[in-house]
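Everything on this sheet refers to the single structure shown next.
The figures here come from the full heavy-atom set of this structure, side chains too, leaving out hydrogens, waters and symmetry mates.
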Amino acid sequence: MAYGDGTDDAALKTAWETFCEQLKQAGLSAFKDANPANPLQRADAFRFLTQNLGQAFDLALETRDPAFPQIHPFTTPTMKLGGDLADFTYRQAWISGNHVYRLSGKRGTARWLNVTVQGARPDKIPGTDWPSLHEPFGDIPEANLFGHQIETDTDGRFEVTIGGPQQDRNWLPTTPGTRKLFIREAFDAWGETPTTLSIERIGMDSPRPLPTPPQMTEAMDWAGQFVTGLMRDWPEHAWLTSRGVCDPASLNMFPADKAANDASDAKRGRMAAHMVWHLEPDEALIVEMDWHQGFWLFGMGGALMGSMDFLHRPVSYTPARTKVDEDGVVRLILAHRDPGLHNWLDTQGFSDGNLTYRNLMSQQPATFRTHLVKAAELANHLPKSTAKADPAARAVMLLERYRAIKLRYGL
């Protein structure tokens, strides 16, 4: 075995110093204007950064080799990325069009599953002069399978072939530009179980080589760009590129007649709408939506658009867990303190944040109405029949949430 003579030391040292400087600069973004200058949200921005620092080198190095793929969960209850929704799980694997893969697993009972092959990541969003979102995002969907399209055996077990010659069933094509497998699963009722997944390259017959100094320096560069990119891009990138879906000029309302609902959204199996909100300490916001069929989800996010504390707090609702008023209207209540209403969305003390709506397997947009009111006067603006939740009921709901989220993530 040959050992180096130290000639790589200078490159490694420079790469590490550069990464540390990028991390330092990323931290300064916690103080940008888009993040409110209050103690909780300043701290939350650093939490957002440190959570992602924890996965930076998993993405940049440990799971990076497409010849030895691994499935990486890049959001969890303790690790959030901008734009994630509480009732989704998000996983990815770095892959290549040069290889063929076997994705195996057992279907859970989650209501929705989507497995997408992602292609090249252009410098700019196609058809615009807008830069692509930071890594590992910004790549273009190439092909996908929904959960109902995956054939299983009687026990729910399945195998999907990724790449190679076309198969009659359970196959996803790749291209020379393929670089990633993106897996999203969405949950409705508490107690739904996740799909277990494992991936391998067909033909693996030797150990993965250890990283070399050049690969380590490349990983440091990727990780540095990742932490600076996420702190730079959220939330301003969404404001710039979302076609009005996320519009801070339309505060406390969903921008009228605007939704993420183009061909790429259809391939992802969803449409989306988004609201930026601000509440004073004595205010509450009533969000109304006429009940409609389908699988829709609401989720709260902070100023940097990472999902809120969905393990411990009521920050998301789906059809199975939402009470509908007698007039057929869904009313969600954003408030800083528990108003004693079933459909409470906890702001977790933030003055500013985001509320995201997703509608899966449908491109039919919903119509929203919002009413900013004094929290003490909520009852004057709601039907008398609006479902209540006293402290004992809230405690039960929080425990149900806690147990269900832990089940999703195997905690």
Side-chain angles (χ1 to χ4, degrees), residues 29-38 40-42 44-45 48 80-85 124-125 127-134 137-138 229-262 264-265 270-290 296-308 315-316 330-336 345 347-359 363 365-375 381:
S29 292
F31 304 103
K32 63 185 176 178
D33 291 343
N35 188 40
N38 64 64
L40 274 181
Q41 294 195 259
R42 293 298 206 208
D44 188 64
F48 183 67
K80 313 296 180 66
L81 268 172
D84 66 302
L85 205 61
K124 295 183 178 180
I125 298 173
T128 78
D129 289 327
W130 298 330
S132 290
L133 187 60
H134 68 84
F137 306 117
L230 67 94
M231 294 300 290
R232 176 196 65 232
D233 285 358
W234 298 104
E236 294 93 337
H237 189 276
W239 295 353
L240 173 69
T241 66
S242 66
R243 296 154 294 178
V245 177
C246 180
D247 186 355
S250 301
L251 201 62
N252 293 334
M253 65 181 69
F254 286 91
D257 302 321
K258 293 180 180 178
N261 194 12
D262 61 16
S264 66
D265 294 300
R270 53 87 156 164
M271 61 81 59
H274 199 92
M275 179 182 74
V276 181
W277 55 262
H278 170 82
L279 292 183
E280 294 295 329
D282 64 342
E283 291 178 335
L285 186 68
I286 302 169
V287 178
E288 297 181 348
M289 178 189 74
D290 294 334
W296 45 261
L297 310 92
F298 286 93
M300 294 277 274
L304 302 188
M305 298 183 68
S307 61
M308 287 189 175
V315 295
S316 64
V330 174
R331 289 181 175 89
L332 305 175
I333 313 301
L334 279 72
H336 296 305
L345 283 168
T347 66
Q348 59 185 36
F350 288 179
S351 64
D352 297 76
N354 299 267
L355 178 64
T356 297
Y357 164 87
R358 296 279 191 276
N359 190 11
Q363 312 314 124
T367 300
F368 306 100
R369 300 173 295 275
T370 58
H371 309 281
L372 184 66
V373 303
K374 296 297 184 182
H381 301 274

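With contacts defined as side-chain heavy-atom distances shorter than 4.5 Å, the pair E288/R331 qualifies. Side-chain contact check for L334 versus E283: every heavy-atom pair is 4.5 Å or farther apart. Taking 4.5 Å as the limit, every side-chain heavy atom of F254 sits out of range of all side-chain heavy atoms of R369. Proximity of M300 to L332: side-chain heavy atoms (C-beta onward) are nowhere separated by under 4.5 Å. Side-chain atoms of L81 and F137, non-hydrogen and from C-beta on, do get closer than 4.5 Å to each other. Using a 4.5 Å heavy-atom cutoff, the side chains of F368 and M275 are not in contact. T370 has its side chain out of reach of I286: every pair of non-hydrogen atoms, C-beta onward, lies at least 4.5 Å apart. Between D129 and K124, some side-chain heavy-atom pair lies under the 4.5 Å cut-off.
Between the side chain of D233 and the backbone N or O of L133 there is no donor-acceptor pair closer than 3.5 Å. A distance-only check finds no donor-acceptor pair linking the side chain of K374 to the backbone of D282 [under 3.5 Å].
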For this session: Mind running side chain to side chain contact (heavy atoms under 4.5 Å, CB included) on M289 and W296 for me, showing each step along the way?
Result: CA-CA 11 Å; M289 178 189 74; W296 45 261; 3.8 Å; yes

For this session: I would like to know whether W277 and V287 meet side chain to side chain contact (heavy atoms under 4.5 Å, CB included); could you show each step before the answer?
Result: CA-CA 11 Å; W277 55 262; V287 178; over 6 Å; no

Problem set entry | Test log, rule side chain to side chain contact (heavy atoms under 4.5 Å, CB included), inputs L304 and K32 | CA-CA 11 Å; L304 302 188; K32 63 185 176 178; 4.1 Å; yes

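Among all heavy-atom pairs drawn from A45 and M231, the shortest one is O-CE, 3.8 Å. Contact between P131 and L240 at its shortest, heavy atoms only, is CD-CD2, 4.4 Å. Pairing each heavy atom of R42 with each of A37, the nearest pair is NH2-CB, 3.4 Å. Nearest heavy atoms, A34 versus A303: O-CB, 3.8 Å. Between L251 and H278, the closest heavy-atom pair is CD2-CB, 3.8 Å. In terms of heavy atoms, L345 sits closest to S316 at CD2-N, 3.8 Å.
One side chain, H274 or N354, offers a donor N or O that lies under 3.5 Å from an acceptor on the other. A donor and an acceptor atom, one from each side chain of N38 and Q41, are located under 3.5 Å apart.
Using the six-membered ring where Trp is involved, H134 and W234 have ring planes that are perpendicular, over 60° apart on the 30 and 60° scheme.
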